[in-house]
Structure formats: structure tokens, C-alpha cells
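For reference, positions follow the sequence shown, starting with 1.
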Amino acid sequence: MAPSAGALRRATIVLLFAALIWGSMIPVLATLAQHYDIWLLSGARYLLGLPVLWLAVLLSTPPAAAPGKLNWSRLLKLGAAMTGFSVFYTFGVANTHPATAAIVLMCAPIWATLLSRLMLGATTPQGFFTTLVLVVVGGIVVVAGTPGRQPGGYGLEGGEALLVIAQLCWSWYSIRAQQWLSDRGQVALSALTSTVASVLLGIVCLVVWGAGGITWPVRPPTIGELGMIAWVGVFGVAIAILLWNTGVSLVGVPVASLFSNSAPVFAIGLAALFGHEPTWLQLAGGVVVLGGIGLHQLRQMRAARSRRPSP
């Protein structure tokens, strides 16, 4: 069933806010990674985000209908998919040229659309594929216009496949979470899956630590760094995942994935506020990404209003 105009408006708001949060994490994590191990940051993010999610569960109104019995096997699979995303993403970025990695990540809507078609036989709204091309191409233009980009060609270094697997893990999680846990509401869905993911990610971090792959910090964090760590945990995990799952429940994974490509655009805007002037390529790519998403949502809203029966 096609979403209503109201659902489309709500999805646009929550998904743009999620993209804004994820976009803000790009410069924040880059700053933190200069002094702290990326594995430690990954674990800390979930540990800080979980209390916020469970507080939201306590404060939210429970679903009108009683949810079904919790299937622990399914919950474990969902947590494993979230953990798989974090692990494959971390290793993928570490073993891929930065520019190539950014371009591969810009292709996330393609994998999300293909997986939705394969798993659900899902159809896409009219004009979706035109928007998909605009969003992916615009995102690549944003990457190409990055000032101070690391020199060298966009050669393959072996980590690209890991990034694709990471994106498939996230899309699989997004699809199955709605199928298996949506009766519990989006807040409980996000809290349950993030809790399992945090436990599994903690186990992975212990394994990496045992293999000598974690570097412990040599000094305590500053007040500013504590604030940044809190930001990537509370907002980057708790709030953003909740917003993402809410958006997926309203418009589906393929359309929601289009919004993820606007995260670097918001990162550029935030960088501009701190005096880092964007290039014309970044601005042009950002206009294409946001313009493509905006036109698609407006088109769908008009279609939803035309389907509404006359009084």
C-alpha cells in the first residue's frame, strides 16, 4: 500500500534529521579518530546510546495491540546484522582508498533497492529510478569535489567488497526489523536490536583487543572530546537509529536509503559554519542530491493526495 501524504511528510522530516545527525558525525568521528581507536569509539557509541533508547521505551506509549512473543533467534540475527555492518564498515574503510570508499558508500541506495526487490518483491514508486540516478551521481560529485582529497587514483585496494557487504547488512536489518518487530513499535524495535548489537560488538572488540588490534588512549579525554563522544553515542546511535527505523516503517528501505546520501551534504554545510568553504563541485552535487529527493517526495505527496477519495 502506498504511503499517505502525511506519512510521506513525517518520513521526510525524520529521515532528513537522521541524515543531518549522521552527516555531523563525519567530522566529529574524524577528529576523535586522531586520538582514539576506532574500535573503542564503536563500542562506546552503543554503550552511550542504549540508556537513551531504553528511557524512550519507558516513556513512550505502548502499542495498542499486544505484540507477539519475542523470537530470540530473530533478534539475534538482527543484532548480528547491525554488528556485521559496523565490523565490515570499519575493516572496509581501513582497506580502501578514502575517495573510493566514499563513492562505494554513495551507492547504498542501489544495494538497498536490489535487496528489497529480492527479499520482498517490492515495487518502487513512479520516478524512483530517476531519483536514484540523481542521488547517486550527485553524491559522487560531492566526493569528487572534496578539497584536500588524498591524492592518487580511485584504485581498488580490497576493502570495497567489505563496504558493499556492510551496506547489505544494514539494508537486511532494516527490512527484517520491520517484518519481525514492528508490532512492538519503533522505539522498542530500535532498543532491542541495538542492545543485542552492542553485546555482539563488545565481543568483537574483545577479540580484536586480544589480537593486539586495539590501541588504548595515552591520556584522558578533554571536556570537548567527552562532548563529541556523547554526541556520536546519544545522537549518532540512539536518536539516528530510531529516526531511521521510523522513516523505513513509513516509506520502505529503498526510498529511505535515498536520504542517506544527503548525510555528506549536511557535513559540508556544518563544515562551512566552521569556516571550511565548500567547492563548487560539492555545492552542485549537494543541490542534485537534495533536489532529487525533494522532487521525488513532492511527486509522491501529490500522488497520495490524488488517491484520497473526495468528500
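Minimum heavy-atom separation, Ile268 to Pro278: CG2-CB, 3.5 Å. Summarising the geometry of Ile140 relative to Met106, their closest heavy-atom pair is N-CG, 4.2 Å, with the distance given to 0.1 Å. Contact detail for Thr113 and Pro109: the closest heavy-atom pair is OG1-O, 2.7 Å. The heavy-atom pair separating Ala267 from Pro27 by the smallest distance is CB-CD, 4.4 Å. Looking at every heavy atom in both residues, Ile241 comes nearest to Ser194 through CD1-OG, 3.9 Å. Nearest approach of Val136 to Cys107, heavy atoms of both residues: CG1-SG, 4.3 Å.
Hydrophobic clustering keeps Val207 apart from Leu47 (ILVMFWY residues linked when any side-chain heavy atoms are closer than 4.5 Å, directly or through intermediates). Linking Ile, Leu, Val, Met, Phe, Trp and Tyr residues whenever their side-chain heavy atoms come within less than 4.5 Å places Val164 and Leu162 in a single cluster. When hydrophobic clusters are built by joining Ile, Leu, Val, Met, Phe, Trp and Tyr residues whose side-chain heavy atoms come closer than 4.5 Å, directly or via intermediates, Ile13 is grouped together with Leu242. Linking ILVMFWY side-chain heavy atoms closer than 4.5 Å, directly or via other members, places Phe129 and Leu120 in a single hydrophobic cluster. Note on Leu206 and Val204: same hydrophobic cluster, where clusters join Ile, Leu, Val, Met, Phe, Trp and Tyr whose side-chain heavy atoms are under 4.5 Å apart, directly or indirectly.
Other residues, nucleotides and ligands contribute only 12 or fewer heavy atoms inside 6.0 Å of the CH2 atom of Trp209. Atom CD1 of Ile223 is surrounded by 12 or fewer heavy atoms from other residues, nucleotides or ligands within 6.0 Å. Within 6.0 Å of the CZ atom in Phe17, the count of heavy atoms belonging to other residues, nucleotides or ligands does not exceed 12.
In this structure, the separation between CG on Leu200 and CG on Leu76 is 6.0 Å, given to the nearest 0.5 Å. The distance from atom OH of Tyr36 to atom CG of Leu41, rounded to the nearest 0.5 Å, is 8.5 Å. Annotation: the span from Cys169 atom SG to Leu115 atom CG amounts to 10.0 Å, rounded to 0.5 Å. How far CG of Asn261 is from OG1 of Thr131: 12.0 Å, rounded to the nearest 0.5 Å. Atom-to-atom distance recorded for Arg299:CZ and Leu8:CG is 12.0 Å, nearest 0.5 angstrom. Expressed to the nearest 0.5 Å, how far CH2 of Trp54 lies from CG of Leu192 amounts to 4.0 Å.
Using a 4.5 Å heavy-atom threshold, the side chains of Val255 and His296 count as touching. Using a 4.5 Å heavy-atom cutoff, the side chains of Val187 and Leu53 are not in contact. Between Met25 and Val232 the shortest side-chain heavy-atom distance falls below 4.5 Å. Taking the side chain as every heavy atom from C-beta outward, Pro3 and Leu250 never approach each other to under 4.5 Å. Contact annotation: the side chain of Gln178 approaches that of Gln186 to within less than 4.5 Å [non-hydrogen atoms, C-beta and beyond]. No side-chain heavy atom of Pro217 sits under 4.5 Å from any side-chain heavy atom of His35. Residues Phe88 and Leu163 fail the side-chain proximity criterion, which asks for heavy atoms closer than 4.5 Å. No side-chain heavy atom of Val288 sits under 4.5 Å from any side-chain heavy atom of Val141.
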>> Determine whether Met82 and Leu201 satisfy the following criterion, side-chain contact (heavy atoms from CB on, under 4.5 Å), listing intermediate values before the conclusion.
In response: CA-CA 9 Å; Met82 296 180 76; Leu201 187 58; over 6 Å; no
> Can you check side-chain contact (heavy atoms from CB on, under 4.5 Å) on Thr124 and Arg117, steps first, answer last?
Replying inline: CA-CA 9 Å; Thr124 51; Arg117 179 66 63 88; 4.3 Å; yes
> Step by step, would you call Trp172 with Leu78 a side-chain contact (heavy atoms from CB on, under 4.5 Å)?
Replying inline: CA-CA 8 Å; Trp172 186 93; Leu78 292 171; 4.0 Å; yes
>> Assess the residue pair Leu75 and Thr193 against the criterion (side-chain contact (heavy atoms from CB on, under 4.5 Å)); give the C-alpha distance rounded to whole Å, side-chain angles, the decisive distance to 0.1 Å, and a yes or no.
In response: CA-CA 6 Å; Leu75 184 58; Thr193 55; 4.1 Å; yes
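Of the possible donor and acceptor atoms, none in the side chain of Ser257 sits under 3.5 Å from a partner among the backbone N and O of Ala108. One N or O on the side chain of Ser249 and one on the backbone of Thr246 form a donor-acceptor pair closer than 3.5 Å. No side-chain donor-acceptor contact under 3.5 Å links Ser262 to the backbone of Val265. Within the 3.5 Å criterion, the main-chain N or O of Pro63 finds no donor-acceptor partner in the side chain of Arg184. With hydrogens and angles ignored, the 3.5 Å screen pairs no side-chain donor or acceptor of Ser171 with any backbone N or O of Leu168.
Between Tyr173 and Trp180, the ring centre distance reaches or exceeds 6.0 Å.
The aromatic rings of Phe235 and Trp231 sit parallel to each other, their planes meeting at less than 30°, with 60° as the upper class boundary. By the 30° and 60° cut-offs, the orientation of the rings of Trp170 relative to Trp244 is tilted.
Gln300 and Gln126 form no side-chain donor-acceptor contact under 3.5 Å, judged by distance and modelled atom types alone.
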